[in-house]
S.K.: 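Quick one: structure below, then a few questions.
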Amino acid sequence: MTQSILLFGGLLPPEVALLSKHFNVLRFSHDRDPEAVIRENRDDIVGVISVPSLGVSRSLIEALPNLEIISQFGVGIDNIDLAAAKERNIAVTNTPELVTNDTADIALALLLGVARRTMEADLFVRIGKWKNGSLGMSTSLTGKKAGILGLGRIGKAIAQRASAFEMDILYHSRSEKEGVEYEYVPSVKELAEKSDFLICACPGTAETENIVNAEILEALGSDGFLINIARGSVVDEDALLVALTNQQIAGAGLDVFKNEPHVPEALFKMDNVVLFPHIGTATTETRSQMGQLVLGNLLAHFKGEPLLTPVELLTE
Ligand code: NAP
């Protein structure tokens, strides 16, 4: 048996080269028949490196009889069937902490994009419109209320950055966080009502699916902006399209979508949105560190050592 790792993506070339020193690497590519790759190597595949855009389903787990570990290249594990992994005693790891700052930076980039119209401003100059007049006004961040939905690692890093922009910070999580100076708001609706910018930074779970729905967008109001760097599943996209079209909210900055890489085309025509292709962690520095952590977890597992960043598989 050739110990093989099924690689869905993410890793940069230096980390792929390192991985190849220890394992046979089977790259998952749409150029080849993915099912054939799995079928032909099913007995050899002992690990899967999954990515936010391509997870591990129960049927994939069932197709791989010798799978021992799923190492997610990312912190969110919403696309891995954890119950199926637990049933088979398959270890799961992810890459928390080191994705925090870059992802928080992207939240601020979206904030500036929608409020200060930075993307539009760039385009305005490039296509020669400046010669015919000015871009017009935008919205100031100073003194505005940033409402963070999910004050975890990334939420806190966003709060720090927004504080530096002299914004007031409010947050909602399922529990009030100890030792945090920001105002805790007990419901998402109240958070939306009180916020100028509602910023989603919670995980994608069954509980958070469509947590930002028509009612929440209505509460955010016509001067309010929605920022989502969490997961597409967190926002009811149909309700968002209606709210943006009818100017029930002022705008939206989105790094994540329900059906990536497919983005509702209606958004392309709107000038009150900024759209990023899920680039929260997409820097050379962070992606390289994530790759090293993925590799570290795989090596630890196959040496029988403790995992570096295990995901706890809870019993229901
Ligand atoms: P984290 O440290 O676990 O923080 C998540 C926070 O969300 C926790 O404080 C949690 O607090 C809160 N939360 C969980 N369920 C909630 C609910 N039902 N309602 C309200 N709040 C809830 O995770 P993180 O490292 O900050 O990452 C957060 C998420 O960001 C990831 O899961 C991932 O989906 C996303 N992400 C996106 C990118 C990107 O490229 N755009 C990059 C990295 C991560 P309580 O337990 O008190 O509720």
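Heavy atoms only: backbone and side chains are in, while hydrogens, waters and symmetry mates are out. We count ligands from 1, going down the list as the structure has it; atoms in each ligand are counted the same way.
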S.K.: Side chain, backbone, both or neither: which applies to Glu97 and ligand 1 if a contact is any heavy-atom pair less than 4.0 Å apart?
M.R.: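 Contact part for Glu97 vs ligand 1: neither.
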
S.K.: Could you tell me, atom by atom, which parts of ligand 1 come under 4.0 Å of a heavy atom of Leu151?
M.R.: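 Heavy-atom distances to Leu151 below 4.0 Å select 9 (O).
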
S.K.: For ligand 1, note which part of Arg231 has a heavy atom under 4.0 Å away: side chain, backbone, both or neither.
M.R.: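 Contact part for Arg231 vs ligand 1: side chain (C-beta onward).
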
S.K.: For Lys156, state whether at least one heavy atom is located under 4.0 Å from any atom of ligand 1.
M.R.: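 The answer is no: ligand 1 sits nowhere under 4.0 Å from a heavy atom of Lys156.
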
S.K.: Between ligand 1 and Thr281, can you find any atom pair, the residue atom being a heavy atom, that is separated by under 4.0 Å?
M.R.: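 Yes; Thr281 lies near enough to ligand 1 that a heavy-atom distance drops under 4.0 Å.
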
S.K.: Do any N or O atoms from the side chain of Asn228 and from the backbone of Leu254 form a donor-acceptor pair under 3.5 angstrom?
M.R.: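 Not a single qualifying donor-acceptor pair exists.
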
S.K.: Below 4.0 Å, non-hydrogen atoms only: which portion of Ala201 touches ligand 1? Side chain, backbone, both or neither.
M.R.: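 Within the 4.0 Å criterion, Ala201 contacts ligand 1 through backbone atoms alone.
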
S.K.: Could you tell me whether a side-chain N or O of Thr208 sits under 3.5 Å from a main-chain N or O of Pro203, the two making a donor and an acceptor?
M.R.: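 Yes, because the side chain of Thr208 sits within donor-acceptor range (under 3.5 Å) of the backbone of Pro203.
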
S.K.: Taking 4.0 angstrom as the limit and counting only heavy atoms of Pro203, give me the atoms of ligand 1 inside it, by number and element.
M.R.: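 Those atoms are 5 (C), 7 (O), 13 (N), 14 (C), 32 (O).
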
S.K.: Going by the closest heavy atom to atom 17 (C) of ligand 1, which one wins out of Asn228, Thr208, Thr205, Ile279?
M.R.: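 Result: the heavy atom closest to atom 17 (C) of ligand 1 is in Thr208.
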
S.K.: Using a heavy-atom cut-off of under 4.0 Å, does the side chain or the backbone of Ser175 touch ligand 1, or both, or neither?
M.R.: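 Looking at Ser175 and ligand 1, atoms from backbone and side chain both fall under 4.0 Å.
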
S.K.: Between Asp105 (side chain only) and Leu108 (backbone N and O only), is there a donor and an acceptor less than 3.5 Å apart?
M.R.: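 The answer is no, because no donor-acceptor pair under 3.5 Å joins these two groups.
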
S.K.: Report the residue from Thr103, Thr100, Thr95, Thr281 that forms a side chain to side chain contact (heavy atoms under 4.5 Å, CB included) with Thr286.
M.R.: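 Single side chain to side chain contact (heavy atoms under 4.5 Å, CB included) partner of Thr286 among Thr103, Thr100, Thr95, Thr281: Thr281.
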
S.K.: Does one side chain, of Gln72 or Asn79, offer a donor that lies under 3.5 Å from an acceptor on the other?
M.R.: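 Yes, because at least one side-chain N or O of Gln72 sits under 3.5 Å from a partner of the opposite role on Asn79.
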
S.K.: Any idea which of Arg174, Arg153, His172 brings a heavy atom closest to atom 16 (C) of ligand 1?
M.R.: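 Looking at heavy atoms only, Arg174 sits closest to atom 16 (C) of ligand 1.
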
S.K.: If you measure from atom 20 (C) of ligand 1 to every heavy atom of Ser187, Ala230, Ser173, Cys200, which option wins on shortest distance?
M.R.: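 Comparing heavy atoms across Ser187, Ala230, Ser173, Cys200, the nearest one to atom 20 (C) of ligand 1 lies in Ser173.
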
